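Side chains are part of it too, since the values below use all heavy atoms of this structure and drop only hydrogens, waters and symmetry mates. Remember, predicted model here, so these are calculated numbers, not experimental data.
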Amino acid sequence: MRPSKTDLARTTLQAHGGTLGMRERRALILCDGQRGLDELVQLLGQDAPLLIQRLVRDGYLAASSSATATAASPATSTAPIGPRRSRVAARIYLSGMLELHRDAEARHHRDRLQSRRDDDAMLEVLADALRFLEGRVATTLAQRIRERLLEALPLEDVPLLQARVAPEGDALALR
């Protein structure tokens, strides 16, 4: 199954609001007709088949009837159980957080995130975006953003990002 967006999904994504949560919006962005269900499970997590099925049912995604039956059974997925970690997931998460701030500087950081493809530049841009957000939001929200970013980022990237975000010896460094 390779779900793709419907006109309703495109309109909803362009509106930057509406009834869909961040997770549903992320799923719509990733469902481009090119990614299969296995890849979507890797990017969105074990419950991706149910999420995709619901978005198909609600008219946001188009899929064939045999694909819908496959989406209804998440137990058939071979993806490992546990948190999914990828730079793509980290980039999508921070892009969503930046999208909530509707000013030129936030847009600049989001554009930088979306245009980076090489690993070193991606980590540097993630660090810049995180520093920007931490300077704009309350301390408790900044901590939640940091925690969610660490949940999304591959384990081997955590110390690399930590070195870029906090100066040496900083007690508030990423954990």
Side-chain angles (χ1 to χ4, degrees), residues 1-117 119 122 125-126 129-130 132-133 136-137 141 144-154 157:
M1 168 169 110
R2 296 186 184 278
S4 59
K5 292 181 245 340
T6 63
D7 289 337
L8 174 62
R10 287 184 200 86
T11 303
T12 301
L13 287 172
Q14 288 175 351
H16 299 289
T19 60
L20 294 180
M22 187 64 82
R23 184 157 170 68
E24 288 85 4
R25 291 179 63 79
R26 184 178 305 135
L28 289 179
I29 291 167
L30 292 172
C31 290
D32 57 2
Q34 303 299 311
R35 291 182 176 91
L37 187 58
D38 288 340
E39 186 177 356
L40 291 169
V41 166
Q42 289 176 348
L43 295 170
L44 296 168
Q46 279 303 114
D47 63 339
L50 295 175
L51 176 63
I52 300 299
Q53 180 184 21
R54 185 168 39 91
L55 291 170
V56 168
R57 183 192 68 221
D58 294 345
Y60 291 101
L61 294 174
S64 67
S65 59
S66 63
T68 304
T70 304
S73 57
T76 61
S77 173
T78 59
I81 295 176
R84 60 183 163 66
R85 294 176 171 269
S86 72
R87 287 184 181 167
V88 171
R91 182 177 70 197
I92 290 170
Y93 172 71
L94 275 187
S95 290
M97 292 294 101
L98 289 164
E99 192 173 312
L100 296 173
H101 299 273
R102 298 184 184 269
D103 60 46
E105 194 173 358
R107 203 169 20 259
H108 166 75
H109 283 286
R110 194 177 78 235
D111 291 345
R112 286 184 64 210
L113 271 175
Q114 292 173 350
S115 68
R116 294 298 182 261
R117 298 290 179 242
D119 293 344
M122 176 56 68
V125 173
L126 282 170
L130 181 59
F132 169 77
L133 285 169
R136 299 282 297 269
V137 300
L141 179 55
R144 283 196 305 255
I145 291 171
R146 186 181 287 195
E147 289 168 359
R148 296 298 92 69
L149 177 62
L150 290 177
E151 289 173 3
L153 203 60
D157 288 345

Q: About how many Å separate CG of L133 and CG of L98, when rounded to the nearest 0.5 Å?
A: 4.5 Å

Q: R87: what forms a salt bridge (Lys or Arg N to Asp or Glu O under 4.0 Å) with it, not counting sequence neighbours?
A: D119, D157

Q: Just jot down the salt bridge (Lys or Arg N to Asp or Glu O under 4.0 Å) partners of R54, sequence neighbours excluded, or say none.
A: E24

Q: Salt-bridge test for R25 and E99: reply yes if a basic N is under 4.0 Å from a carboxylate O, no otherwise.
A: yes

Q: Please assess I92 against I29 for the test side chain to side chain contact (heavy atoms under 4.5 Å, CB included), listing each intermediate value before the final yes or no.
A: CA-CA 9 Å; I92 290 170; I29 291 167; 5.6 Å; no

Q: Mind listing the closest non-hydrogen atom pair of L51 and A27 along with its distance?
A: CD2-CB, 3.6 Å

Q: Quick check: closest heavy atoms across S86 and P154, and the distance to 0.1 Å?
A: C-CD, 3.6 Å

Q: Between NE2 of H108 and CG of D103, what distance do you get to the nearest 0.5 Å?
A: 11.5 Å

Q: Could you work out, with salt bridge (Lys or Arg N to Asp or Glu O under 4.0 Å) as the rule, every residue matching R148, not counting sequence neighbours?
A: E151

Q: Say whether, by atom type as modelled, one donor and one acceptor occur between the side chain of D47 and the main chain of L50 under 3.5 angstrom.
A: no

Q: Looking only at heavy atoms, what is the nearest atom pair of Q34 and D32, with distance?
A: N-OD1, 2.9 Å

Q: Taking ring-ring contact (aromatic ring centres under 6.0 Å, His included) as the definition, give me every residue that meets it alongside F132, ordered by chain and number, with sequence neighbours left out.
A: H109

Q: With S95, which residues qualify under side chain to side chain contact (heavy atoms under 4.5 Å, CB included), at least two apart?
A: R91, R110, L113, Q114

Q: Applying salt bridge (Lys or Arg N to Asp or Glu O under 4.0 Å), can you list everything that pairs with E105, at least two apart in sequence or on another chain?
A: none

Q: Output the distance between atom CG (L8) and atom OH (Y60), rounded to the nearest 0.5 Å.
A: 5.0 Å

Q: Determine the minimum heavy-atom distance between C31 and L40, stating which atoms define it.
A: SG-CD1, 3.8 Å

Q: Run the side chain to side chain contact (heavy atoms under 4.5 Å, CB included) check on R26 and Y93 step by step: do they pass?
A: CA-CA 8 Å; R26 184 178 305 135; Y93 172 71; 4.0 Å; yes

Q: Is the backbone N or O of K5 less than 3.5 Å from a side-chain atom of R10, with the two atoms forming a donor-acceptor pair by type?
A: yes

Q: Out of curiosity, R2 CZ to E39 CD, how far, rounded to the nearest 0.5 Å?
A: 8.0 Å

Q: If you define the side chain from C-beta out and look only at heavy atoms, does anything of I145 sit under 4.5 Å from L94?
A: yes

Q: Calculate, to the nearest 0.5 Å, the distance between atoms CD and CG belonging to Q53 and L37 respectively.
A: 10.5 Å

Q: Any donor-acceptor pair under 3.5 Å linking the side chain of R107 with the backbone of R102?
A: no

Q: Of all heavy-atom pairs between V41 and A48, which one has the smallest distance, and what is that distance?
A: CA-CB, 3.9 Å

Q: Can you tell me how far apart CZ (R35) and CD1 (I52) are? Round to the nearest 0.5 Å.
A: 11.0 Å

